[in-house]
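See below for the structure under consideration.
Here the structure is a predicted model, which is why all the values come from computation and not from measurement. What's counted below: heavy atoms across the whole structure, side chains too, no hydrogens, waters or symmetry copies.
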Amino acid sequence: MKKNVCSLWCLLLMLGSAYSQTPFVSVANGRFHREGHPYYFVGTNYWYGGLLALGKNPVMGIERLRNELDFLKIHGIKNVRVLAGSEGEGLINGVPRVGPALQTSRGVFDPTFLKGLDALLNELDKRKMTAVIYLSNNWNWSGGFLQYLKWNHQIPDSAFSRPVPWSTTGKYTSQFYGCASCVSDYLNQVHYVVTHVNTINHKKYTEEPSIMAWEIANEPRPMSPEANGAYLKFISRAAAYLKKLDPNHLVTTGTEGYMSTGSLDLYKQIHAIPQIDYLTIHIWPKNWSWFRGTGIAGAMDTIKARTLRYLMVHESIAAQLRKPLVIEEFGLPRDHQSFSVDSSTTLRDR
């Protein structure tokens, strides 16, 4: 009996020792851990972080990057959520997209682009900060799923040269999940990014402790109930592929919650996938019409109640799945919905 107890105790000690030595953020018993300790963080969206060192003056760009990261760290920010890179170039939905592009044309990648992400990850590592990197976009401001559809001749060129109604954009985007060649092109970009070797510190991205997680996309939505099956299959396939390429890092979806999936059941299904390590939600009361016009003040009680309810519903699912839940986007306009940087944020602060 004593021998069995000793064996069990020694095993626990060995497991604990091995666990404490890993520099990567991990999940156990519904919580984040790093280096043997619970890992808590406050983060911010910093989508352009990997672009700053790519400008016409890289020295100034890196200096700005360092200054901004120092500012964030001083204010308690430990994690940044960044875009891996844009797909395609030129107009999309009638307006310029974010650039420069990572994938300039189908299957063609700018060999210098990831130097910007290299610089960001290197600077994060110096500050013991981490990044969540999303690998594509449901929305067209960076090309995203619509660009894959265009490359595969699934949508007309007019979707890029002029503004397209919301309903039409949704119909187009929903086709991505059932387009085998589009998904293959997306996975090709995933492979290109995840298997990259940092040109500054010479670490493989799969061995970068400053990466907390890979995110399948920014706010991936089925966009149509008819696409739900293909959407679920895509999330499962992408998550499994990421874990195959990189077993060291966490994987998550990037979804907004049931406001994006259309049902709690589908939201739970995609986060129950074994290769998905934690749940995400986004909370946007204005975008979701939880108040009308500029009437934030008069609707604050409703806004707060619905926000808390939204959080608690998803928290319940996270508890059932024994996985952490991250609120990775939330927002409310400035008072009176002003765009002036000097305007007050009293209601948002509440």
Side-chain angles (χ1 to χ4, degrees), residues 32 39-52 61 63-83 95-98 120 123-124 127-134 137-142 166 212-213 215 217-219 221 252 254-260 278-315 318 324-350:
F32 293 118
Y39 183 68
Y40 300 94
F41 67 91
V42 175
T44 189
N45 281 287
Y46 192 52
W47 65 266
Y48 62 88
L51 303 179
L52 289 177
E63 186 64 24
R64 174 181 168 182
L65 174 65
R66 290 169 176 162
N67 289 337
E68 291 185 355
L69 291 180
D70 287 342
F71 173 86
L72 292 174
K73 185 171 184 180
I74 288 171
H75 287 81
I77 301 295
K78 293 171 61 176
N79 178 276
V80 292
R81 180 169 173 262
V82 299
L83 170 71
V95 296
R97 77 188 79 188
V98 166
L120 170 64
E123 294 298 328
L124 289 173
R127 294 161 178 79
K128 303 297 181 184
M129 297 171 70
T130 57
V132 173
I133 302 173
Y134 52 96
N137 202 346
N138 186 78
W139 310 116
N140 55 23
W141 55 265
S142 63
W166 166 258
M212 172 179 152
E215 194 164 272
N218 175 50
E219 301 189 334
R221 292 183 172 194
T252 192
T255 58
E256 304 151 85
Y258 71 76
M259 290 296 291
S260 65
Y278 66 93
L279 292 68
T280 64
I281 59 170
H282 300 179
I283 305 175
W284 293 103
K286 177 176 172 62
N287 297 10
W288 299 343
S289 301
W290 288 0
F291 66 92
R292 296 183 179 277
T294 59
I296 305 175
M300 275 305 293
D301 288 345
T302 299
I303 292 169
K304 288 163 66 176
R306 295 191 71 168
T307 296
L308 286 171
R309 186 162 62 247
Y310 196 74
L311 173 58
M312 292 174 69
V313 165
H314 294 89
E315 184 183 33
L325 171 67
V326 174
I327 313 171
E328 46 172 40
E329 288 190 19
F330 63 95
L332 202 64
R334 290 171 177 267
D335 296 344
H336 312 297
Q337 300 197 42
S338 170
F339 289 98
S340 170
V341 71
D342 298 319
S343 58
S344 60
T345 59
T346 306
L347 296 171
R348 182 195 297 174
D349 295 343
R350 282 176 54 191

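- Between the side chain of T345 and the backbone N or O of R334 there is no donor-acceptor pair closer than 3.5 Å.
- Among F330, W288, W284, the single residue meeting the ring pair (Phe, Tyr, Trp, His ring centres under 6.0 Å) criterion with Y310 is W288.
- Taken from CG in D301 to CZ in R350, the straight-line distance is 7.0 Å, to the nearest 0.5 Å.
- Proximity of W47 to N218: side-chain heavy atoms (C-beta onward) are nowhere separated by under 4.5 Å.
- The nearest pair of heavy atoms linking G50 to L120 is N-CD2, 3.9 Å.
- Y46 and L65 make their closest contact through OH-CD1, 3.6 Å (heavy atoms, listed as atom of the first residue, atom of the second, distance).
- The two residues L325 and H314 have their closest heavy-atom pair at CD2-C, 3.9 Å.
- Using a 4.5 Å cut-off on side-chain heavy atoms (C-beta onward), N287 and M259 make no contact.
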Should I296 and R348 be marked as a side chain to side chain contact (heavy atoms under 4.5 Å, CB included) after you check the CA-CA gap, both sets of side-chain angles, and the distance that decides it?
-> CA-CA 9 Å; I296 305 175; R348 182 195 297 174; over 6 Å; no

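- Using modelled atom types, one side-chain atom of S338 and one backbone atom of S340 make a donor-acceptor pair closer than 3.5 Å.
- Taking CD1 from I283 and CG from L311, the interatomic distance works out to 5.5 Å, rounded to the nearest 0.5 Å.
- Of the inter-residue distances, the one linking N138 atom CG with E256 atom CD reads 7.5 Å to the nearest 0.5 angstrom.
- Counting only heavy atoms from C-beta outward, the side chains of R81 and M212 never approach each other to under 4.5 Å.
- To the nearest 0.5 Å, atoms CD1 (I77) and CE (M129) are separated by 7.5 Å.
- Separation of atoms OH (Y278) and CD (E215) is listed at 6.0 Å; rounding is to 0.5 Å.
- Between L72 and R127 the shortest side-chain heavy-atom distance does not fall below 4.5 Å.
- Contact between M300 and L332 at its shortest, heavy atoms only, is SD-CD2, 4.1 Å.
- The shortest distance between side-chain heavy atoms of I303 and L347 does not fall below 4.5 Å.
- The two residues L124 and A131 have their closest heavy-atom pair at CD1-CB, 3.6 Å.
- For the pair T252/V326, no side-chain contact is recorded, criterion being any heavy-atom separation below 4.5 Å from C-beta on.
- Judged purely by atom type and a 3.5 angstrom limit, K286 has no side-chain atom pairing as donor or acceptor with the backbone of P333.
- Within a 6.0 Å sphere centred on NZ of K128, heavy atoms belonging to other residues, nucleotides or ligands number 12 at most.
- Ring orientation note: the planes of F41 and F32 are tilted relative to one another, at an angle of 30° to 60°.
- No side-chain donor from either of E328 and Y134 sits under 3.5 Å from a side-chain acceptor of the other.
- Between P285 and T307, the shortest heavy-atom contact is CG-OG1, 4.1 Å.
- Using modelled atom types, no side-chain atom of S260 and backbone atom of R221 make a donor-acceptor pair closer than 3.5 Å.
- Rounding to the nearest 0.5 Å places CG of L52 at 5.0 Å from CZ of R64.
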